[in-house]
Amino acid sequence: MRNVERLCLAHFWVAFGAFLAAAVLGTWQMWVRSPLGADVGTPGQYFMSVTAHGVAMGYVLTTFFIMGFGYFVAVTALARPLPGKAWAWFAFWMSIVGVIMTTVPIATGNASVLFTFYPPLTGSPWFYIGLVLVVVGSWIWCVLMIVAMAAWKRENAGRPVPLAMFATVANAIMWLWTTVGVAAELLFQVIPAALGLTQTIDVGLARTLFSWTLHAIVYFWLLPAYIAFYTMAPRAAGGRLYSDTMGRLTFILFLIYSLPVGMHHLLMDPEHGNGTKFIQVLLTAFVSAPTLLTIFTITASLEIAGRLRGGRGLFGWIAALPWDRPMVLAVGLSFVMLGFGGFGGLINMGYGMNAMIHNTSWVTAHFHLIFGGSVVIMYFAIAYEIWPRLTGRGYTSLAPLRAQLWLWFIGMMVMTLPWHWLGLQGQWRRVANFNYADPIIAGWGPWVIVSFVAGLVLLASALLFVRNLLVLHLSPQAAIARPLYALAVHPPQRVPAALNGFALWNVLVLIVMLLAYGYPIAQFAIAPSPSAIVHRIE
Amino acid sequence: MSEPRISEPHVLDQPWRVWATVTVLAIVISGVILGVVIIPVVQGRSAGIDAYTAICRALGILPGSPAEPQPFDRTPSTPVSQVTWTPEVLQILARADPERGRAKVAEVCVACHGEQGVAVVPEVPNLAGQSGAAIYKQLHDYRTDSRTHPQMSAIAKALEDAQIADVAAYYAGQPKRNPDPATLAESPAAIVRLVELGDPARNIPPCAACHRPGAGGPIEAPILSEQDRDYLIAQLKMYASGERRNDVYGRMRTIAARLTPAEIAGLARYYRAGFK
Amino acid sequence: MHSDQPSASDSPFEVADEVDEAALARVMRVVPLGAGVLAGAAVALLVLGYLAIYLLVFIPRGTIG
Amino acid sequence: MTELHPEMHERRILGTELLWAFGVGVLVAATLSMIVFTALTMNINPPSNVERIDPKALHLSGEFAEHNLGTTVAADGSVTTRVVATQFMFVPRCIAVPQGRRVTLRFSTPDVIHGLLITGTNVNTMVVPGYVAQVHTEFTRSGDLLMPCHEYCGIGHSEMWATVQVLPEGEFKPDSEGKVSCAQR
């Protein structure tokens, strides 16, 4: 096996190993919360599990998957060797060390602060330092992606960067901007407190810095799915990408709008005024633009494929699509979940309306649908699509792959729809148990059980996913039938510099971030909030 | 990336630069005008708040909503404890000297609390391995009469802040004896449940959420393992009746009032466990 | 081909696909009508749902400020 | 492709995308205008109150000292409820509020981050140490409601909730000091 393939597979297996462990924990948590689990587990174990679930899904699965996928794209889309492969391995091992440093305190109950930290609660310093190492590892990946694209551009002056790589670099640059907030929070506030160097924390500032990261990080997780939508799905369906330009514009819009919107996570917070909140709500409304553009462009691309396959009439092309191919099926299921999740997100960003659902199961449902549903199902599809190319082996049957995708879709929908309903009734988040004797809560019980059963379905799907990949490793060698990346209906010959690089957009991000976050952060220097004493969970 | 390439079409690029910048800035500026000026000023007008105040409130420079008058404060009152966990107090605790504390203990405390913090008189708390902050808080409260005791009030009043910290540091440094799991297993399931899970139906949090080392609860929460049984029963009863009230915001008064006498006895037995 | 390149020889994006240009030109006369209607209906439903929740659930629960 | 005027073709594609983008813009504007309209006409805002208070000395402060907590009716008839969120309970644990009257709810915490909502209403705020969180609202229906802590505040978080009694006008009776406590049931 050659080096880059080993590099990609190493990243993917770490990601999916963490995913499987987190899936088990998530299912267990739903059991504990349900009326069936009244005597299962202690709150200490529950919050330990929630911390591990969040860290594994949000930091390990995503970061490792995205790094591995980025290396794959850099080599395949640019058709040139990866620059700095030794650095890539260094970043991998550094991130592995970070994961271990983070996992140990979680497992011993010394870091039950959830993956979103909540200072002035603090856990073991190793927990945070480990996470910093993972982030620094991902920074190396970002630099490698930028270097790879720059090298390609030098060698191919004037030609448009392949969309897959353009999007990957957009994600890398976005991630560099994104991590500034959490890095500042950890390095200047939380880690000194966890080490005992400081005894107090300015909590308002910590929350504001984390909000800087909190929304854009989700787009960092999301972009691989969009890369698959634009560059893989049209070809898998047998068609072409409707518009390459819109693809570029979409990823640029994500870079600009995913960052200055994090304060919509703080709409219910007391440390900011209405006006600064409103500015970011307005910007949040515009972050729906790249997604809505994508929905249209990709649906049009699929329509091309369906009509080429003989579909007629207004909607006849839908039935004509090759739904037996995992990538096409995943895109379809992903879009359905994106629709429901997007609806939940619209409500979340509703300024005052956020009060109706803030920190209820509605929010949990929203991000499980968007990330756990529409994004992770695309991680599956990407894995299924490129695993044969990494191993040189072929699937003997696609049926278990389809079954796994359907199970994931059904499980996610059945789990999250009751959560939306319960959230609307005020079921709150992050609790180890509910008092089902209370008349208000009693009625929630059956729905909590339904979502627990759906959690079992999700667990079955997660196991089947790993099984499908393991089976492939044992399958016979096979030639790969089909190229991966889609052509556009009009493959771009020349594109404006603005759509072929990020200089302009970085300047715009800087300006917008100064406008959106400048005063909200500066206010803590102008009039610091009275600090809170650190509470150590160790 | 910053240097435009020779063969990239710059003619096309110019409008991109201009229009992208104009669009993005127009969106942000319309947000500023709407959110910081129009909405608060209109809201303030209907609530009788002047435009300047409304805009300051929208920015977070002045407290309150642009749409509502701010309520007035109430007069000050007698707090149940004078202790505040400021960095300065934590500094005093951190700078405490266990050796000076040992001398003070030998002079004053030893008669009841024992040299190593193992009580020699009934109904007196064991202090070995107790959290320093907990000891500091109680002594300080005796000194300010937030908590009263025939002997302790007088003793505490004779101590200075730094001496209290020294004594606390000394006892905190005495070896903890971890509860013996075998003894703990003999506790009734209902009591273990109360400790680990609390009672959701009665709104009682688990004891372990605060009273275990490193639980992350209130700073002053004492560690309860190996505590004297009679002492615990007496304190829980005094909390329940309101006779003892130096727990800030009534955290223990509320919980103790919801415990049955049998549970109080069971918890006291549980926490004595392991003390041979 | 460089040895670092995965075996699939997934080539750069220009690799020709199986799409017949004449057929593509034919379907492009209709596309994106179906997609526009489908995506448009879906997005319109989302916004209608948003307005419905705003007016029928949020406002009746009491205004906040 | 070449025989079908690719330029025209490409322009048509971009045209449809622009048309779609215009539609998207209209819908985004529709959602935002709902927000702006209700903000202007009904004074709807997310609860925001940048009012600093020292969490370390909260119990010494006049306003959030123990016996000032709960619901008070001022001389001018305005109703203010003060609640402390602490590990792991709300103080007081039962809150009486009037139905159909403007109420100002004020919260603060001496320790860590908490948050709260009142089921079936729009009352929802984070309680961040260092600040007084404030919600102005009107309870539209009477009855007993739950007020749980909805933000992770430590191992005992799950057992942290209070009850809110929304009392009809006749039952909401302040005592001589203007205080209103929960009805014993």
Side-chain angles (χ1 to χ4, degrees), chain A residues 43-44 47 112 114 118 120-121 202-204 207 242-243 245-246 266-274 277 281-282 285-286 288-289 292-293 296-297 300 346 350-356 358-360 425-426 428-433 438 440-441 489-490 523 527 529-533 535 537, chain D residues 1 6 9-10 13-14 16-17 20-21 24-25 27-28 31-32 34-35 38-39 44-56 87 111-113 115 117-120 122-135 145-146 148-158 161:
Chain A
F47 291 116
S112 296
L114 312 197
Y118 302 116
L121 290 174
D202 184 333
V203 184
R207 286 181 68 76
Y242 185 62
S243 166
T245 309
M246 279 301 143
L266 304 183
L267 284 177
M268 296 298 116
D269 271 45
E271 72 267 14
H272 295 288
N274 294 323
K277 289 177 181 174
V281 164
L282 187 110
F286 280 91
S288 65
L292 293 174
L293 287 177
F296 176 69
T297 308
L346 267 182
Y351 197 52
M353 183 159 53
N354 183 264
M356 186 175 69
H358 173 73
N359 265 348
T360 68
Q425 296 177 59
W428 55 101
R429 287 174 73 180
R430 306 186 183 103
V431 281
N433 47 57
D438 185 286
I440 295 175
I441 299 175
V489 172
H490 291 280
Q523 71 167 0
S529 37
S531 56
I533 290 286
H535 285 57
I537 295 193
Chain D
M1 202 158 39
H9 222 141
E10 191 162 1
I13 288 179
L14 279 181
T16 59
E17 294 275 10
W20 172 260
V24 165
L27 292 174
V28 166
T31 54
L32 281 172
M34 195 70 208
I35 290 170
T38 53
I44 289 180
N45 289 315
S48 309
N49 180 44
V50 188
E51 181 177 346
R52 295 171 179 84
I53 193 165
D54 189 359
K56 303 179 284 291
Q87 289 174 318
D111 39 53
V112 298
I113 300 171
L117 57 82
I118 300 180
T119 52
N122 286 326
V123 176
N124 194 327
T125 184
M126 298 301 300
V127 186
V128 176
Y131 294 89
V132 178
Q134 183 169 275
V135 182
L145 303 172
L146 270 177
C149 174
H150 66 37
E151 190 60 279
Y152 179 63
C153 57
I155 304 296
H157 163 59
S158 318
W161 76 82

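Listed options A:L346, A:T245, A:D438 were ranked by heavy-atom pairs under 4.5 angstrom with chain D; first place goes to A:D438. For the set A:I533, A:D202, A:I441, A:L114, the entry with the most heavy-atom pairs within less than 4.5 Å of chain D is A:L114. In terms of non-hydrogen atom pairs under 4.5 Å with chain A, the most contact-rich of D:V135, D:N45, D:V28 is D:N45. With chain D as the partner, the residue from A:K277, A:Q425, A:M356, A:M353 showing the most heavy-atom pairs under 4.5 Å is A:K277. Between chain A and the options D:V123, D:I113, D:L14, D:I118, the largest number of non-hydrogen pairs under 4.5 Å is found for D:I113. Most heavy-atom pairs under 4.5 Å with chain D: of the set A:A289, A:A300, A:S243, this distinction falls to A:S243. No other option in A:Q523, A:R429, A:H272 has as many heavy-atom pairs under 4.5 Å with chain D as A:H272. Each of A:G352, A:G426, A:S529 has some count of heavy-atom pairs under 4.5 Å with chain D, and the biggest count is that of A:S529. Interface summary for chain A: among D:L32, D:T38, D:I44, the most heavy-atom pairs under 4.5 angstrom belong to D:L32.
Heavy atoms of D:V132 lying under 4.5 Å from chain A belong exclusively to its backbone. At a 4.5 Å heavy-atom cutoff, the contact between D:Q87 and chain A is made by side-chain atoms alone. Residue A:L292 touches chain D through both its backbone and its side chain, counting heavy-atom pairs closer than 4.5 Å. For A:S112, the parts sitting under 4.5 Å from any heavy atom of chain D are the backbone and the side chain alike. Using a 4.5 Å cut-off between heavy atoms, D:L146 contacts chain A through both its backbone and its side chain.
How far CH2 of D:W20 is from CZ of A:F296: 7.0 Å, rounded to the nearest 0.5 Å. With rounding to the nearest 0.5 Å, the separation of OG1 in D:T31 from OH in A:Y351 is 14.5 Å.
If you check the side chains of D:S158 and A:N433, you find no donor sitting under 3.5 Å from an acceptor.
A heavy-atom distance below 4.5 Å is found between the side chains of D:I13 and A:H490. Residues A:V203 and A:E271 fail the side-chain proximity criterion, which asks for heavy atoms closer than 4.5 Å. By the 4.5 Å heavy-atom criterion applied to side chains, D:N124 and D:P47 are not counted as neighbours. No side-chain heavy atom of A:I537 sits less than 4.5 Å from a side-chain heavy atom of A:F47. Between D:P148 and D:L117, the closest side-chain pair of non-hydrogen atoms falls below 4.5 Å.
The backbone N or O of A:A527 lies less than 3.5 Å from a partner atom in the side chain of D:R52, making a donor-acceptor pair.
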